[in-house]
Amino acid sequence: MRETNFIIENNARHLWHPMAHPAEMQAQPPRIINAGEGVEIVDIQGKKVLDAVGGLWNVNLGYSCEPVKKAIRDQLDELPYYSTFRGTTNAPLIELSYELAEWFRPEGLSRSFFTSGGSDSVETCLRLARQYHKITGQPERTKFVALKKGYHGTHFGGASVNGNQNFRRNYEPLLPGVIHLPAPFSYRNPFNTSDGAEIAAAIGRLFEDEIAFQGADTIAALIVEPVLGAGGVIVPHETFLPLMREICDRHGILLIADEVITAFGRTGAWTGSRLWGVKPDLMSTAKAITNGYFPFGAVMISEKVAEVFEGSKNGLGSIGHGYTYSGHPAGAAAALATLKETKRLDVADNAAARGEELLTGLKKLQDKHELIGDVRGKGLMCALELVSDRKKKSAASKDVLQKVQDATYDAGVLIRTSGANVIMSPPLIVTAGDVQTILTALDAGLAAVGA
């Protein structure tokens, strides 16, 4: 790599960053991360901080997971790549498909389709949902229902079912036939209540009303995150997802669980679907499946859906979809090692315990700092919503969020901001001491706004 001065001088000059304005990145170049160890990262100036972002929700096992690194190295030596399009495959992928079927047995998901990441996985789910209905003789079932504030990646399909205008407006028109329901959000909702059960029931009624208006025979699937992530860590009431499942079943609508963030332990359960006691028809996964060490994803498919495809005797059952890197052997090897370590360390239980400590600490910070309007979380996905006025719930300014982020970083912890939200999703191997480090640094960051 070239010298440090060259790297700093050319930061953001020749590359556009995802989810950022190119001009802003040039005016305020991003932090350059040079190294990672355990749950900490080191920037180009040598400053070491605790990564409370977990990469991007995905480095569940931290930055020093040698079994995963070794699996990738060994696989690159043996077979660095081969296509899995019709006619060829590889041994690690076959083994991984078996292990995933075992992992997701409680959800009734027994088949897998491999992708390069979360957006690919969502796109695949949407395509398979439409194809499923074509095979069953219901070709008009093409519409999708999603939630406002939901996030489902950046492909045109995913952007179309996204429920945040930040990811939609500049790319419209998107796919037609997408219906958005309110998010199950107790802090901000159109129902004039903060009671989660009432909110869930109200959304259920709206869903039924939309089905009646659109026609059940035109709707392919409902897609939902079991806990909404990028939209601000919105935790639904325990009745919400079971209610959505029941409505889908009654009207022949598939349920897609977008678990790109929530699968593999982040909520304190191995999946968000399992957390709420629901079996989806399709599930999108990625991120933590390789601990972030290799771009990889998997769509998990239920027996019900698999039987329809595998029982098809004509071209409608043929999957005319896939990616060059679907089932990459190095990715499959990384996933196998990650699953083994994830299970060995029982990170779901740690996420539940440390998540409770983090949430309790954040609520104490809310008592101390008027800037915090709401505290939300489940497992090791937590958020603060910052406001300029608690009674009016008016969002804090972008400058305030940036000041909190910068001061928290100076105090030794990297956090993420999105809109008016401060989001925390640290590696699932954090200790009670790490949680206290996050809280102490965040306290300093919030205090800096009033300084």
Side-chain angles (χ1 to χ4, degrees), residues 18-21 24 30 51-58 147-154 162-169 182-189 194 196 199 225-236 258 260-262 266-267 272 287 355 358-409 413-426 435 438-439 441-449:
M19 303 298 179
H21 195 300
E24 183 181 351
D51 180 18
V53 185
L56 196 61
W57 313 88
N58 59 341
L147 299 179
K148 294 175 182 176
K149 296 190 177 296
Y151 179 79
H152 303 291
T154 56
N162 270 350
N164 186 324
Q165 279 296 87
N166 291 337
F167 310 120
R168 299 169 53 87
R169 187 73 181 268
F185 193 6
S186 60
Y187 187 61
R188 297 181 187 275
N189 64 73
S194 60
I199 294 165
E225 300 163 274
V227 176
L228 283 70
V233 187
I234 297 169
V235 184
D258 184 349
V260 170
I261 289 173
T262 52
R266 182 153 294 279
T267 65
K287 290 193 183 293
L358 181 56
L359 195 62
T360 298
L362 293 175
K363 288 176 179 176
K364 289 179 180 177
L365 290 180
Q366 184 180 25
D367 294 337
K368 182 177 180 180
H369 297 280
E370 191 72 17
L371 184 61
I372 301 174
D374 193 36
V375 175
R376 305 183 287 273
K378 192 70 178 177
L380 281 173
M381 50 191 305
C382 295
L384 303 177
E385 185 162 342
L386 305 188
V387 295
S388 58
D389 187 309
R390 275 192 181 179
K391 289 185 179 178
K392 295 179 181 178
K393 298 184 180 180
S394 46
S397 69
K398 184 176 180 179
D399 290 346
V400 166
L401 270 291
Q402 188 63 56
K403 190 169 185 179
V404 170
Q405 185 182 44
D406 290 342
T408 303
Y409 188 84
V413 172
L414 177 63
I415 54 173
R416 182 184 177 207
T417 61
S418 178
N421 300 306
V422 172
I423 294 176
M424 286 146 282
S425 53
V435 169
I438 294 170
L439 293 168
L442 192 54
D443 188 17
L446 292 162
V449 174

side-chain contact (heavy atoms from CB on, under 4.5 Å) against [X], all qualifying residues, sequence neighbours excluded:
X	value
Ala230	Tyr151
Thr417	Leu401, Gln405, Val422
Asp51	Ile41, Val53, Tyr63, Leu414

Side chains of [X] and [Y] in contact at under 4.5 Å (non-hydrogen atoms):
X	Y	value
Leu442	Met424	yes
Val449	Val404	yes
Tyr187	Val387	yes
Thr154	Met19	yes

For the student: nearest non-hydrogen atoms of [X] and [Y], plus distance:
X	Y	value
Cys382	Leu358	SG-CD2, 3.8 Å
Ile199	Ser194	CD1-C, 4.2 Å
Leu380	Arg266	O-NH1, 2.5 Å
Lys287	Leu56	NZ-O, 3.1 Å
Asn162	Gly153	ND2-O, 2.9 Å
Leu228	Ala183	CD2-CB, 4.1 Å

Original post:
Between the side chain of Glu225 and the main-chain N/O of Gly150, is any donor-acceptor distance below 3.5 Å?
Top reply: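 Not a single qualifying donor-acceptor pair exists.
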Subject >> Donor-acceptor under 3.5 Å (Arg168 side chain, Gly163 main chain) >> reply: no
Could you give the distance from [atom1] ([X]) to [atom2] ([Y]), rounded to the nearest 0.5 Å?
X	Y	atom1	atom2	answer
Arg188	Asp374	CZ	CG	8.5 Å
Thr360	Lys363	OG1	NZ	6.5 Å
Asn164	Ser418	CG	OG	7.0 Å
Leu371	Ser388	CG	OG	9.0 Å
Lys368	Asp443	NZ	CG	3.5 Å
Lys403	Leu446	NZ	CG	12.0 Å

**OP:** Given side chain to side chain contact (heavy atoms under 4.5 Å, CB included), test Ile372 with Glu385 step by step and report yes or no.
**Re:** CA-CA 6 Å; Ile372 301 174; Glu385 185 162 342; over 6 Å; no
Subject >> Ile423 and its side-chain contact (heavy atoms from CB on, under 4.5 Å) partner, picked from Leu384, Val233, Ile415 >> reply: Val233
Subject >> Test ring-ring contact (aromatic ring centres under 6.0 Å, His included) applied to Phe185 - qualifying residues, sequence neighbours left out >> reply: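 For Phe185, no residue satisfies ring-ring contact (aromatic ring centres under 6.0 Å, His included) once neighbours in sequence are set aside.
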For the residue pair [X] and [Y], confirm or rule out a side-chain donor-acceptor distance under 3.5 Å.
X	Y	answer
Arg376	Asn421	yes
Asp258	His152	yes
Thr267	Thr262	no

**OP:** Decide if atom NZ of Lys393 counts as having more than 12 heavy atoms of other residues, nucleotides or ligands within a radius under 6.0 Å.
**Re:**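 More than 12 heavy atoms, drawn from other residues, nucleotides or ligands, come within 6.0 Å of this atom.
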**OP:** For Asp406, check salt bridge (Lys or Arg N to Asp or Glu O under 4.0 Å) against everything at least two apart and list the hits.
**Re:** Arg31
**OP:** Kindly write out the residues that satisfy salt bridge (Lys or Arg N to Asp or Glu O under 4.0 Å) with Lys398, not counting sequence neighbours, or none if the list is empty.
**Re:** Glu24
